[in-house]
Amino acid sequence: MAGTTAFVLTSTCVLGVPTLPRRQLLASSLALGAAPTAQGASRSQLKPADVEQINAGRPAVLRGWLPPAEVAALCADARTLYAEGRFTADGLAAYTPQRAVRRGADPASREVLPAFIPSKRCAGPWADAAAGDGAARLRFAARIDALRSALSDGLGRPALCEDGRPPLAGSRRTLAHLSSSLTEISYTRFGPGARLRRHVDEHHEELKGQGGWRRPTRRSVSWLVYLNAPWDPAVDGGALRTFPRIAPPASPVGAHAGNVQVGWLRASVADPVERAVFLDSSRAGERGNCALYTVERANGLRTVLSRNFWARPLLYQSTELLVDQLLIDSPAAAHRFHFVEAPHSAATEWFARNDARAGEGEAVLDVAPAGGTLVIFDSVALPHEVLPTIGRERWACSGWLHEPHTAARSRHPPDPDAEDAKA
Ligand SMILES: O=C(O)CCC(=O)C(=O)O
Ligand SMILES: [Fe+2]
């Protein structure tokens, strides 16, 4: 079914809630509005239903968001720049499992053309107005800029528009201004057979080690605009597969008061809602700077789940058992806790294969990467992957909208062994 978004609920069981049959539903909230008529994404395009989806840790899918003429112009531009050899293998290619590489999968078969290169802190080739069809990219970047304002208003995240630079009016807006470290934009190309393993786009700064706080901003909202002509996932593969929670969350997701989400408490019989678990890393105290907590959406009341502890990347790489036994005081809460997404390593792959509760309480929602479709989701809360493409190239323009870190800062004492401390 070309262009169809299917909502597949897995047959796994929410704790204590009757097992849901595997079924396919058309996601009615996803069949959204007309293509934009004016320059940029008009605010009315972001419907309350879209905002609700993003706030619940689900993807908002806006079919026909980018008019066909713009899809064609950008796809032609991407193909030209690819043919000129300007794309490079990107960091996520490292997500290709080693055993797949041994079987001959090419980790470089996902390639990107970025507008900003964080490691060099300089503009990338996407922002070079002289390359390819710079005018088409400028029109597109203006749409994404308008989307940023609409999301900032709609999601109530004013920080999405706080880039500290004076606003530039109409014709003075340049590609370099519209695409920067705060609005990451890239073309991506998946070669035939390429895939992207399950991941989330952003993690808590504290869990990235000492370097986590080095950058002034974090990814807040992920967006993708597909540039493919009609695409049938049943024939062409390459669907974006997302894994939202089935039960509704009773709390904000992604971040709260500047503290980034690290996990969930699964829905249970006594408490049939999902609760996002946030990591506050600004606590004072000798036993550590971090504590886990949940918060009630209705009244903002926090429940602290753990003692204070020092966060290390090790925490994130360890099994949930460690968190269960060492950190979370309430046995009921400990039993419900799981990470949003454990990082990939040989050990976690082994645990994932042997974890009877893996996938419990999560839905599987596939999105067809058909030309003109815009997908938006919280960068922290939604695990996702790209299924292997079959015999076709898959083109997209995608990126992340950043927010500055808030006052929540690490109080972690400098670690003399850390790579950063040596530098
Ligand atoms: O291309 C897609 O559909 C998703 C890509 C993705 O997840 C990413 O770039 O982080
Ligand atoms: Fe991603």
Side-chain angles (χ1 to χ4, degrees), residues 3-6 30 54 57-63 65-66 71 74-75 78 82 87-97 107-118 124 126 140 144 179 183-203 218-229 231-233 236-244 253-254 260-261 340-344 364-390 392-402:
T4 301
T5 302
L30 305 183
I54 301 164
R58 294 167 167 274
V61 181
L62 286 76
R63 256 154 322 103
W65 181 80
L66 190 65
V71 174
L74 291 178
C75 194
Y82 181 75
F87 279 54
T88 47
D90 100 302
L92 283 175
Y95 273 35
T96 306
S109 56
R110 178 182 187 274
E111 289 164 276
V112 296
L113 185 91
F116 186 76
I117 302 173
W126 198 96
F140 181 79
I144 295 300
S179 52
T183 304
E184 288 183 81
I185 302 183
S186 293
Y187 282 144
T188 61
R189 173 193 181 269
F190 283 72
R195 62 173 292 191
L196 186 57
R197 292 186 73 209
R198 179 173 163 145
H199 64 281
V200 288
D201 290 342
E202 185 56 287
H203 296 285
R218 69 168 184 89
R219 289 173 176 173
S220 174
V221 176
S222 302
W223 58 269
L224 299 129
V225 178
Y226 296 110
L227 304 178
N228 309 294
W231 186 282
D232 181 352
D236 304 318
L240 170 66
R241 175 158 287 181
T242 66
F243 301 93
V253 305
V260 171
Q261 181 182 356
V340 175
E341 187 68 4
H344 300 286
V364 178
L365 174 63
D366 285 356
V367 181
T373 296
L374 166 68
V375 186
I376 313 167
F377 53 87
D378 185 280
S379 299
V380 174
L382 185 69
H384 55 281
E385 66 180 319
V386 177
L387 302 183
T389 56
I390 302 169
R392 272 184 77 178
E393 291 171 308
R394 179 186 187 273
W395 298 93
C397 194
S398 61
W400 298 275
L401 306 175
H402 283 234

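Indexing begins at 1, ligand by ligand and atom by atom, following the structure's order.
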- prompt: So, are R241 and D366 salt-bridged, with charged N and O less than 4.0 Å apart?
  reply: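 A salt bridge links R241 with D366.
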Under 4.0 Å, heavy atoms only, figure out whether ligand 1 is touched by the backbone of [X], its side chain, both or neither.
| X | result |
| --- | --- |
| R110 | side chain |
| L224 | side chain |
| V375 | neither |
| E385 | neither |

query: When Y226 is tested against each of T188, L374, L240 for side chain to side chain contact (heavy atoms under 4.5 Å, CB included), which residue passes?
result: L240
[X] N/O under 3.5 Å from ligand 1 N/O:
| X | answer |
| --- | --- |
| S398 | no |
| T188 | no |
| W400 | no |

With heavy atoms of [X] as the reference, note each atom of ligand 1 found under 4.0 Å away.
| X | result |
| --- | --- |
| D201 | 10 (O) |
| Y226 | 2 (C), 3 (O) |
| L240 | 3 (O), 4 (C) |
| L196 | 5 (C), 6 (C), 7 (O), 8 (C) |

- prompt: Is NZ or CZ of R198 both nearer than 6.0 Å to the six-membered ring centre of F243 and within 45° of the ring axis?
  reply: yes
- prompt: So which N/O/S atom does H384 have closest to the Fe ion (ligand 2)?
  reply: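 Looking only at N, O and S atoms of H384, the one nearest the Fe ion (ligand 2) is named NE2.
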message: Looking only at N, O or S atoms in D201, which is nearest to the Fe ion (ligand 2)?
response: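 The D201 atom nearest to the Fe ion (ligand 2), restricting to N, O or S, is OD1.
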- request: Verify, without hydrogens or angle tests, whether T242 (side chain) and L365 (backbone) share a donor-acceptor contact under 3.5 angstrom.
  value: yes
- prompt: For the side chain of N228 and the backbone of W231, is there at least one donor-acceptor N/O pair under 3.5 Å apart?
  reply: no
- request: Tell me yes or no: between the side chains of W400 and S379, is some donor less than 3.5 Å from an acceptor?
  value: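 No, S379 and W400 have no side-chain donor paired with an acceptor closer than 3.5 Å.
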- request: Could you verify whether a donor N or O on one side chain and an acceptor N or O on the other, from E341 and H199, lie under 3.5 Å apart?
  value: no
task: State, to 0.1 Å, how close D378 and A381 come at their nearest heavy-atom pair, and which atoms those are.
output: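 Residues D378 and A381, closest heavy atoms: OD1-N, 3.0 Å.
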message: Using the rule given for side-chain contact (heavy atoms from CB on, under 4.5 Å), can you reason through I144 versus W223, listing the C-alpha separation, both sets of side-chain angles and the distance that settles it, and then say yes or no?
response: CA-CA 9 Å; I144 295 300; W223 58 269; 3.8 Å; yes
